[in-house]
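To start, the structure itself, in structure tokens.
In what follows, every heavy atom counts, from backbone to side chain, and hydrogens, waters and symmetry copies are set aside.
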Amino acid sequence: MPTTLVIAGVLGYPLYLLVKLSFQRYGLFELVRHHGHYVGTANYARILHDSQFWTVLGRTVLFTAVNVALTLVLGTGIALLLVRLGRFMRVLLTTGLVLVWATPVVVAVDLWRWMVDYEFGVANWTLTELHVGNFLHHDWFANPWTGFGVITALIVWGAIPFVTITVYAGLSQVPQELIEAAQIDGASAWSVFREITLPLLKPIFVILASLSIIWDFQVFNQIWIMLDERPGSDYFLMSIYSFVESFRISEYGLGSSIAVVMVIFMLGVTFVYIRQMVRIGEVQ
């Protein structure tokens, strides 16, 4: 009961205030008076009939899908590599992954922003020297596709260590006799992974996929800092869109309704995750 009360106070009460605010018209005038006007579902009707909301939602879903897929595929690939490496190289690579995971988001964004800087970017210089193209004085963020490419690389780079170390821990629990028996029968490396390793690691992949979706769907700091706190509408994700609506145009009720939609989406992902874990538990 004490734990439940603490969780309700820390998480439940702010969520209640957010939902309450989403049903109100709450601008600067109401902020000064500390009292909003109840408008029912008007805020939700407004965003659902706004074409920009659906554009931002679709962009956020696509962005999340790409980031999660790349993170899981690359993280799993590196974990499989760790299994094959010798002790020294395994420790060296694992140390590098831990250092990446420990890097604060603000520091990581500043590093990547420096690497792709318009005038002094080391990434621009390297690509030009490798004759990939002329990237001197190239602005990656002038085009949203290349801009999101840089942001995706940053996010995946920071998320890979967690996935890699988690999958590697799972791989260490896979019975080697099963793999050896499959190899003796002539199974290829891909067949062994698909038929033996992947089914055994399914609970781990369910957890990683669910957490990655929740984290990537609400990305804010990477975009906000990378674009000097002035992202254009082409870079709006749901989190940025909600923040701009709330604090730049002082529509706190409208911004709250967008945030509630985000919460509902993440609750849906959490529900799917819990249902999958229950099914896995019943099968086992």
Are [X] and [Y] close enough that some pair of their side-chain heavy atoms sits under 4.5 Å apart?
X	Y	result
S257	L21	no
F193	I179	no
F141	M226	yes
F135	V132	yes
L211	F162	yes
L154	V150	no
L178	V174	no
T166	V163	no

Nearest heavy-atom neighbours spanning [X] and [Y]:
X	Y	value
W54	L48	NE1-O, 2.7 Å
R194	P199	O-CD, 3.3 Å
I196	A182	CD1-CB, 3.6 Å
S246	S256	OG-N, 4.1 Å
V116	A123	CG1-CB, 4.3 Å
T64	I213	CG2-O, 3.8 Å

Under a 3.5 Å distance rule, please check whether [X] uses its side chain to pair with a backbone N or O of [Y] as donor and acceptor.
X	Y	result
T146	A142	no
S239	V219	yes
N124	D117	yes
S172	A169	yes
R90	L82	yes
T164	G75	yes
T60	M238	yes
Y168	T94	no
T76	V73	no
N67	F63	yes

Exercise for the section: Would you indicate whether F220, at its atom CZ, is surrounded by more than 12 heavy atoms from other residues, nucleotides or ligands within a distance under 6.0 Å? Expected result: yes
Practice task
Verify the neighbour count for atom CH2 of W101: are there more than 12 heavy atoms of other residues, nucleotides or ligands below 6.0 Å?
Solution key: yes
Could you give the distance from [atom1] ([X]) to [atom2] ([Y]), rounded to the nearest 0.5 Å?
X	Y	atom1	atom2	value
I47	Q52	CD1	CD	11.5 Å
L17	S22	CG	OG	11.0 Å
W224	I240	CH2	CD1	6.0 Å
R113	I151	CZ	CD1	11.5 Å
I214	M262	CD1	CE	11.0 Å
F148	W140	CZ	CH2	15.5 Å

Flag yes if [X] and [Y] sit in one hydrophobic cluster, no otherwise; membership is Ile, Leu, Val, Met, Phe, Trp, Tyr, and two members link when side-chain heavy atoms are under 4.5 Å apart.
X	Y	result
L198	L171	yes
L99	M89	no
L111	I225	no
Y44	Y16	no
L267	Y13	no

Exercise for the section: Let me know which of T55, I223, V56 forms a side chain to side chain contact (heavy atoms under 4.5 Å, CB included) with F236. Expected result: V56
Practice task
Please assess N221 against V106 for the test side chain to side chain contact (heavy atoms under 4.5 Å, CB included), listing each intermediate value before the final yes or no.
Solution key: CA-CA 8 Å; N221 291 327; V106 175; over 6 Å; no
Practice task
Apply the test side chain to side chain contact (heavy atoms under 4.5 Å, CB included) to residues V39 and F23: give CA-CA distance (whole Å), side-chain angles for both, the deciding distance (0.1 Å), then the verdict.
Solution key: CA-CA 6 Å; V39 294; F23 290 103; 5.8 Å; no
Exercise for the section: Could you list who else is in L11's hydrophobic cluster, with ILVMFWY side chains joined at under 4.5 Å, directly or through other members? Expected result: V6, I7, V10
Exercise for the section: Classify the angle between the aromatic ring planes of H137 and Y118 as parallel (below 30°), tilted (30 to 60°) or perpendicular (above 60°). Expected result: tilted
Exercise for the section: Would you sort out whether T71 and I155 count as a side chain to side chain contact (heavy atoms under 4.5 Å, CB included), showing the intermediate values? Expected result: CA-CA 9 Å; T71 301; I155 294 172; 5.7 Å; no
Handout entry: Contacts of W114 that satisfy ring-ring contact (aromatic ring centres under 6.0 Å, His included) - sequence neighbours left out
Key = none
Practice task
For N43 and Y252, test the side chains for any donor-to-acceptor distance below 3.5 angstrom and give the result as yes or no.
Solution key: no
Practice task
Using the side chain to side chain contact (heavy atoms under 4.5 Å, CB included) rule, take S210 and I207 through it: C-alpha gap first, then chi angles, then the decisive distance, then the call.
Solution key: CA-CA 5 Å; S210 301; I207 294 173; 6.0 Å; no
